[in-house]
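Given the structure is predicted, the values throughout are model-derived calculations rather than measurements.
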Amino acid sequence: MSPRVLLYLRKSTDEHQADSIDTQRAGGTRFTKSKLKGEVVGEIVDEGESRAEFKRRRGFSRMLALCASKDRDFDTIVVRDESRLGAGARLTVALDDMLAAGVRIFYYANGEEVQLGSAEQKIMVAIKSAMAENERAKTAERTRESHETKAEKGFVVGGRCYGYDNLRVETDGKKHTEYRINVVQAGIVLEICTR
């Protein structure tokens with residue numbers, strides 16, 4: 001019987017790729033058809049959620065509940081890599097629960113099937129998970145540091161701010177975004193403050 005696959009797709013809070021979910025969907029579907037010779041029967045999406053957040057990720061919680069259900073319509077989960085599922089000790093526990101329910105899990109990026117049958121396999125998953133958690137913390141720190149430096153220079157760090165337009169500027173071959181006062185919106189802000 002060919003595998004019936006549930007795709008798990010997650011876009012991080014710090015990812016700026018608008019098409020990240022579509023890219024994962026295409027990669028997971030391609031892997032399912034070509035490598036597993038299976039069929040995608042559904043997908044679960046968590047958008048704008050950090051891998052560190054397990055309880056807040058509704059899709060992930062739903063996936064765990066579906067794995068434990070006796071009447072689920074899938075027997076395999078395909079996900080890009082372990083970083084999409086999460087990091088830390090909680091990931092190892094979640095993987096163990098899914099596998100114990102009889103669900104197979106594949107990472108399409110490297111073609112690897114998750115195995116926790118031996119102590120060595122559990123240790124390797126825990127080590128990879130700890131390394132991913134460490135990288136997540138480093139990325140967050142680098143991002144915060146970069147944003148602080150940009151903000152100190154008066155550059156735009158986030159998105160749009162009412163009363164200003166974002167203006168792309170190139171200085172010495174480096175591009176950045178600066179605020180430019182939007183006269184119409186600024187007038188409305190001043191009127192609100194005056195009232």
Side-chain angles (χ1 to χ4, degrees), residues 1-118 121-122 124-140 143 158-159:
M1 184 172 171
S2 62
R4 294 167 296 137
V5 172
L6 176 73
L7 299 178
Y8 178 70
L9 317 169
R10 183 181 65 81
K11 178 181 172 188
S12 301
T13 53
D14 58 352
E15 282 185 70
H16 303 291
Q17 303 171 27
D19 61 350
S20 176
I21 295 295
D22 290 337
T23 301
Q24 290 176 57
R25 181 180 293 117
T29 301
R30 190 169 38 254
F31 178 82
T32 297
K33 290 179 179 177
S34 66
K35 301 294 184 189
L36 299 181
K37 307 295 186 220
E39 172 191 6
V40 174
V41 296
E43 67 180 40
I44 291 183
V45 178
D46 274 321
E47 195 157 354
E49 295 291 348
S50 167
R51 66 179 154 207
E53 296 294 339
F54 280 87
K55 291 183 179 178
R56 278 191 10 205
R57 280 194 279 152
R58 284 185 232 159
F60 187 80
S61 296
R62 194 170 120 236
M63 182 174 64
L64 290 177
L66 287 171
C67 285
S69 172
K70 297 204 185 309
D71 60 346
R72 66 175 181 261
D73 62 352
F74 64 93
D75 53 33
T76 305
I77 293 172
V78 170
V79 61
R80 182 174 74 192
D81 55 40
E82 61 268 0
S83 73
R84 296 298 93 193
L85 289 173
R90 289 176 128 178
L91 175 59
T92 307
V93 172
L95 289 171
D96 198 36
D97 288 345
M98 290 186 277
L99 294 171
V103 176
R104 296 174 74 191
I105 305 164
F106 287 88
Y107 300 140
Y108 76 77
N110 62 8
E112 177 184 319
E113 181 174 5
V114 177
Q115 301 281 332
L116 294 178
S118 69
Q121 289 169 331
K122 289 179 182 178
M124 286 308 297
V125 167
I127 289 171
K128 285 181 182 179
S129 185
M131 289 171 60
E133 180 63 19
N134 186 46
E135 184 55 33
R136 184 194 69 80
K138 286 181 180 179
T139 300
T143 301

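In this structure, R57 CZ and S61 OG are separated by 8.0 Å, a value rounded to the nearest 0.5 Å. One distance of note links CZ of R84 with CG of D46; it measures 10.5 Å at 0.5 Å rounding. Atoms CG and CE, from L85 and M98 in turn, are 5.5 Å apart once rounded to the nearest 0.5 Å.
With contacts defined as side-chain heavy-atom distances shorter than 4.5 Å, the pair F106/T32 does not qualify. Using a 4.5 Å cut-off on side-chain heavy atoms (C-beta onward), V5 and F74 make no contact.
Partners of R62 under the side chain to side chain contact (heavy atoms under 4.5 Å, CB included) rule, at least two apart in sequence or in another chain, are I44, L66. In terms of the side chain to side chain donor-acceptor pair (under 3.5 Å) criterion, residue partners of S69 (sequence neighbours excluded) are, by chain and number, D71. Legend: residues meeting side chain to side chain donor-acceptor pair (under 3.5 Å) with R72, ordered by chain and number and at least two apart, are absent. Listed by chain and residue number, nothing satisfies the side chain to side chain donor-acceptor pair (under 3.5 Å) test with R30 (two or more places apart in sequence, or in another chain). Not counting sequence neighbours, Y108 has no partner by the side chain to side chain donor-acceptor pair (under 3.5 Å) test. Considering only residues two or more places apart in sequence or on other chains, E112 meets the side chain to side chain contact (heavy atoms under 4.5 Å, CB included) condition with Y107, N110, K128.
In plain terms, the two heavy atoms of L36 and P3 that are nearest each other are O-CD, 3.4 Å. Across A101 and C67, no two heavy atoms sit closer than the pair CB-O, 3.3 Å.
Sorted by first and then second residue, the salt bridge (Lys or Arg N to Asp or Glu O under 4.0 Å) pairs involving residues 92-108 (not counting sequence neighbours) are R104-E113. Residue pairs meeting the salt bridge (Lys or Arg N to Asp or Glu O under 4.0 Å) criterion with at least one member in residues 35-44, sequence neighbours excluded: R25-E43.
Of the residues L116, V103, I77, the one that meets the side chain to side chain contact (heavy atoms under 4.5 Å, CB included) test with L95 is L116.
Under the 3.5 Å distance criterion, the side-chain polar atoms of R4 are matched with a main-chain donor or acceptor of D73. The backbone N or O of R10 sits nowhere less than 3.5 Å from a side-chain atom of R80 that would complete a donor-acceptor pair.
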